[in-house]
Amino acid sequence: MSKTVTEIVDRCQALFEDLNFTSAREWKAAEPGRKVVGYMPVYVPREIIHAGGMLPLGILGGGEALEVIHGDAYYQSYICRIPRSTIELAITKRIDFVDGMLFPSICDVIRNLSGMWKLMFPKVYARYFDVPQNYRDDIGGNYYVEELRELKEGLEEVAGRTITDEDIRRSIAVYNENRRLVQEVYDFRTKQPWKAPSWEVYLLMRAGMVLPVEEHTQLMQDYLAAAEAEDRPMKDNCRIILQGSFCEQPPLNLVKSIELAGCYIVDDDYMLVTRWLLGDCPVDGDPLRNLASKFLHESMETAAKYEPDGTRKGQYLVDAVRDRAAEGVIFAAPSFCDPALLDRPMLANALSRADIPHISFKYAENSGQMQPIREQAGTFADTIKLWS
Amino acid sequence: MNAQAASQDVIKEPSMLKQKAMIAANFDKLTSANETGQKIAATYVPGNLNELIMCFDMGNNLPEINAINNGMRKKSGAMITEAEKQGHSEDVCTYVKADIGNMSRGAIAPNGKPMPVPDLLLLSYTGCFTFMKWFELLRDQYGCETTMLHVPYEGDGKITQNMRDYVVKQLKEDVIPALEKVSGVKFDIDRLREYLRKSAAAEDNLVWVLESAKNKPSPIDAYFGGVYYIGPIFTAFRGTDDAVEYYKLLRTEIEARLAAGKGPITPEGELTEEKYRLVVEGPPNWTSFRDFWKMFYDEGAVVVASTYTKVGGVYDQGFRHDPDHPLESLADYCLGCYTNRNLPGRVDLIEKYMKEYQADGFLVNSIKSCNSFSAGQLLIMREIETRTGKPAAFIETDLVDPRYFSAANVKNRLESYFQMIDQKRKGGGSAAAA
Ligand code: SF4
Ligand code: SF4
C-alpha cells in the first residue's frame, strides 16, 4: 500500500529528532565491516564514499534540542553555534560510530574544526576537503582531480578496500537518480507550494542526510505521489526564496513560521549537497574527471564559491527568482556566519538592481523566539501583496 | 613600573627613523599615482606577492595596513559604523568594514591625500576565507579589475606537490597575465629573481632579530615590538634595497642591545627587569595598542615569541624566498603562512616556541573579527597547557573596533594571570585564567 504524506513526514521527523543517529547505527551494525563517513556542509562528493560501500552521513550540528554543555568550552561567544554543537555530539558519543569525518571548504570555522578533530579524535579519519576556486579544467580541474584522488585513497583506508573507477561510476549513477528526484521535489513545490509545505520538504531533504541514498530516493518518490494525491487548500501567500541557511540550520519552527506568516518558500539553500551538481554527472569515462568537470562548470552558486565575473555576482539569485516565479527574497543567516553575512550585501545589491524586494534576519540553531521573525516575514508578505 | 622613567622624547633608533621614512615615501608614491600614472595593486599581507608586483612597476596598497593605520589613529570606529549603516553585518571582520567605511569617506592616507582606487585587486586567498569576500565586496562597489590566486589550505599539515603546482599554474596563467595587462609591462623572471634574492637577505636578518628573544633577558619584545619589525617584510618593501638596509640596521641595533644585556625598548623607554616571558597567539588590538602594551611592560612582561608575527610568512622555520625557484618559492611562501597551517601544526609551533624561548606562560589574545585565528584557540590553549605544564590565559579584544576593547577587563585578567605565573613558580597550581 502506498504511504501517506503523514506517514512519510512522521518518519522524516523521527530521523530528524534522533540525535543518536539510530538509523545510521543500525545500518552499520547490519553487516560486519560496514563503515560510516560523516560530512559537514556544504559539499562533498558523496559518490566516492558510497563507492567504497560506506554510508555518507550528513552532520549539521545539534539543532535546537541538543543541550550544549561541553561545546561552549571550545568556542568564544562570537562564533556561530554549529561547531560547538557538533563537538558536543562527538564528546557525548552520539557520533562515536562514525569512522571518518569530512570538513568541506566553506569557512574558517569548519576549516579549523578539521584540525580540532585531528587533535581530539586522533583515531578517526579527518580530512579538510578543499575545492578549487579556479574554474579552468587545466588549472583548478587538475588540482581538484588530484584532491579527489587523495580523498579516495583516504576513504579506501577507512573502508579497508580499494575503490575502483567502476565503483564510482555506479555510485554516480545512483546519485544522479537521487539528484533528479530532489529536483522533482523542488519543482513540484514551485508549482504547487500549498501541496508541499516547506517544513515537509525540509524534513524530506534532512532524511537524505542520514538514510542510504537509495532509500532516500524511494522516499522522495513516495512523497511526490502522496503529496500529489493530497487535497490541500491553496492559500493567498506570497512566494519567496530563502537564502543564507546553507550551513548552520534554523530551528524547524523558523521554517514553519515563515510559511505561517504568509510566505511560500519556493526555493532555498538548505542542504546544498543534495543538488550541488546541477543535472546528471556523466557516467562514462574517468569518474573523478567527470566529478571535477561537473563541479567546475555546472554546480550551485553559493557564498563559499568565488565569482570570477563581477558583473554576474548575485545573478544566480535573480535568475532563481525568475525561474521559481518568486516575488521576494528572505535572507536568513546564522549569527556570526562569515560566508552568508559577507555575501549578503552583494546579493542584496543585485536584487535591488533587479527591483526584487528583500529582507534579512539572523538566527541560531537554538533560537527560541519566533515572534519577531513571524512579524517581519508577515509584514514582508503584506508589502509584496500590496505592490504586486 | 619597569620601564625607565617615562620620557616624552624617547630617542628613536636609526631603524625606526628609516622605517618611518620608507612608509611616508610609500604613501606619497601611492597617493600621487593619479599624477604619475603608476598603476596600483591592492593585496593582502598573508600571501603578499610584493616582488611580483614590483616586476610590473606597480605600487602595492595593502588594505589591512590601512585599517591598522586608521585603528591606531583612532579613526576606524567611525568607519566601521559607516559600513554597518550601509548594510554590512555587525558580525563580520572589522578590517573589511574599516576599509569599506574608509573608502566611502574618500580613503584619506596618513599624509592627508586620497588613496587612488586600485587598478587591480590581487586577491591572494591565503589563510582566510574573508579575503575572498572582501575583494568581491570592493569589486562590487568600485568595479575594479580582479584576479584571484587560490592558495589551498594545509589541511593535513603539509604542502603537497599538487598544491604547489596549482598555485604556480595560477601565477603563470592568471596572475602574471593580469598584471601584464594592467601595467603594460612584460614579465621578466630575472627581475623577479633579483628581488627574491633581496627578500632572502632581509629575511635572514629578520629571523636573527626574532630569535634574539631566546636570550635572557630578551633584547626585544616579539609582539608589541615585533609588529614594527615585521612591517617592511610583510608589506610593500619585501624585495627592496630599503628592506635589506632596514633589517641590517635593525640587526646591528639588537646586537648592541644584546651585547649590553639590555631589555626591549618600550614607548616609555627601556624595560629594565624582565619578570615574565610570554608566548602570544593572535593579532594585537590596534585601537588601544599603546595602552595594551603598557599593561605588559608595566608588569615586566616581555613577549618572547608570537604567532602574529608569522601571518605574513613563517621565516623562522626555515623558509626563504628562493631566486633559483622563483614561482615555486612564491607558492611555498603563500602556502606556508601561519593561518594557512592546520590547527595541529599551529599547536606544534607554539609548543616549540614555549620550549625554545623558555617561556613562563602562554597568552591568547582572541580577536572577535577573525575566525581564521580564533576558531579553535580555546583548544590550542588547553593543548599547550597540557604539553608544557605552563599556565595559559585567554583575553578577548578586537582589531580595529574600539567597542570591543575593554581596558579594565583586559588589565584585570592580565594582572591575575601574572599572579598565577608567580604562584606557579612558587610551586602552585596551573589553572587557565580563561
Ligand atoms: S554557520 Fe557559517 S560561519 Fe558557522 S561554520 Fe557554518 S559557514 Fe562557517
Ligand atoms: S578575518 Fe582575520 S585574517 Fe581574515 S581579514 Fe579579518 S583579520 Fe584578517
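In what follows, chains are A, B, ... by sequence order, proteins preceding strands, each numbered from 1. Everything numeric here is computed off the predicted structure, so don't read it as measured data.
- No other option in B/T130, B/L137, B/T147 has as many heavy-atom pairs under 4.5 Å with chain A as B/L137.
- When heavy atoms are compared at a cutoff of 4.5 Å, B/E154 does not approach chain A at all.
- Within the 3.5 Å criterion, the main-chain N or O of B/F129 finds a donor-acceptor partner in the side chain of A/D108.
- Atoms CD and CG, from A/Q76 and B/L378 in turn, are 5.0 Å apart once rounded to the nearest 0.5 Å.
- At a 4.5 Å heavy-atom cutoff, A/L113 makes no contact with chain B through either its backbone or its side chain.
- Annotation: maximal heavy-atom pairing with chain A below 4.5 Å, among B/G376, B/C93, B/S372, occurs at B/S372.
- Among A/A126, A/C80, A/S77, A/G310, the residue making the largest number of heavy-atom pairs under 4.5 Å with chain B is A/G310.
- Proximity to chain B involves both the backbone and the side chain of A/N134, based on heavy atoms less than 4.5 angstrom apart.
- Residue B/Q86 places its CD atom among more than 12 non-hydrogen atoms of other residues, nucleotides or ligands, all under 6.0 Å distant.
- For B/E396, the part lying near chain A is the side chain, with the backbone staying farther off; criterion is any non-hydrogen pair under 4.5 Å.
- With a threshold of 4.5 angstrom between heavy atoms, A/S335 approaches chain B through its backbone and through its side chain.
- Looking at B/L138, there are no atoms closer than 4.5 Å to chain A (heavy atoms on both sides), in backbone or side chain.
- Contacts between B/C128 and chain A at a heavy-atom distance below 4.5 Å involve backbone atoms as well as side-chain atoms.
- The CG atom of B/L379 lies 8.5 Å from the OH atom of A/Y75; values are rounded to the nearest 0.5 Å.
- Panel note: side chain B/E173, backbone A/I139; no donor-acceptor pair is recorded below 3.5 Å.
- Interatomic distance, B/S366 OG to A/I79 CD1, rounded to the nearest 0.5 Å: 6.5 Å.
- Looking at A/S114 and B/N342, their side chains never come closer than 4.5 Å, going by heavy atoms from C-beta outward.
- Between A/Y143 and B/H150, the two ring planes are perpendicular [angle over 60°; tilted spans 30° to 60°].
- Taken from NE2 in B/H88 to CG in A/L341, the straight-line distance is 11.5 Å, to the nearest 0.5 Å.
- Chain B forms the most heavy-atom pairs under 4.5 Å with one residue out of A/P339, A/C107, A/P308, and that residue is A/P339.
- Inter-residue side-chain proximity for A/E150 and B/T160 is flagged as met; some heavy-atom pair is nearer than 4.5 Å.
- Contact of A/P83 with chain B is not made at all, since no heavy-atom distance falls under 4.5 Å.
- With hydrogens and angles disregarded, a donor-acceptor distance shorter than 3.5 Å links the side chain of A/N112 to the backbone of B/A375.
- A distance-only check finds no donor-acceptor pair linking the side chain of A/R136 to the backbone of B/Q170 [under 3.5 Å].
- A donor-acceptor pair is defined here as one N or O able to donate and one able to accept, closer than 3.5 Å; such a pair exists between the side chain of B/K133 and the backbone of A/A303.
- Counting heavy-atom pairs closer than 4.5 Å to chain A, the top residue among B/C144, B/G345, B/S374, B/G87 is B/S374.
- For B/N371, the parts lying under 4.5 angstrom from a heavy atom of chain A are both the backbone and the side chain.
- The greatest number of non-hydrogen atom pairs below 4.5 Å with chain A, out of B/P344, B/G143, B/G155, is found for B/P344.
- Taking A/A348, A/A350, A/S105, A/P132 one by one and counting their heavy-atom pairs under 4.5 Å with chain B, the maximum is reached by A/P132.
- A heavy-atom distance below 4.5 Å is found between the side chains of A/D343 and B/E136.
- Both the backbone and the side chain of A/E147 come within less than 4.5 Å of a heavy atom in chain B.
- Taking the six-membered ring where the residue is Trp, the centroids of B/Y125 and A/Y306 are separated by 6.0 Å or more.
- Interface summary for chain A: among B/W134, B/F373, B/Y153, the most heavy-atom pairs under 4.5 angstrom belong to B/Y153.
- Heavy-atom minimum distance, B/K169 versus A/D138: NZ-O, 3.1 Å.
- Heavy atoms closer than 4.5 Å to chain A are found nowhere in B/I380, neither backbone nor side chain.
- Considering only heavy-atom pairs separated by less than 4.5 Å from chain B, the leading option among A/Y74, A/Y78, A/F103, A/Y128 is A/Y78.
- With a threshold of 4.5 angstrom between heavy atoms, A/A73 approaches chain B through its backbone and through its side chain.
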Inset, instruction - In sequence, state the C-alpha distance, the side-chain angles, and the governing distance for B/R139 and A/E307, and then conclude on salt bridge (charged side-chain N to carboxylate O under 4.0 Å, His left out). - result: CA-CA 11 Å; B/R139 182 183 64 183; A/E307 169 55 71; 5.9 Å; no
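- The closest side-chain heavy-atom distance from A/K362 to B/D91 is below 4.5 Å.
- Between chain A and the options B/R346, B/E90, B/M132, B/M163, the largest number of non-hydrogen pairs under 4.5 Å is found for B/M132.
- Of the listed residues (A/K118, A/R111, A/K313), the one with the most heavy-atom contacts under 4.5 Å to chain B is A/R111.
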Inset, instruction - Applying side-chain contact (heavy atoms from CB on, under 4.5 Å), run through A/E146 and B/Y166 and close with a yes or a no. - result: CA-CA 10 Å; A/E146 196 47 42; B/Y166 175 46; over 6 Å; no
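- Between A/W117 atom CH2 and B/L343 atom CG the span is 13.5 Å, to the nearest 0.5 Å.
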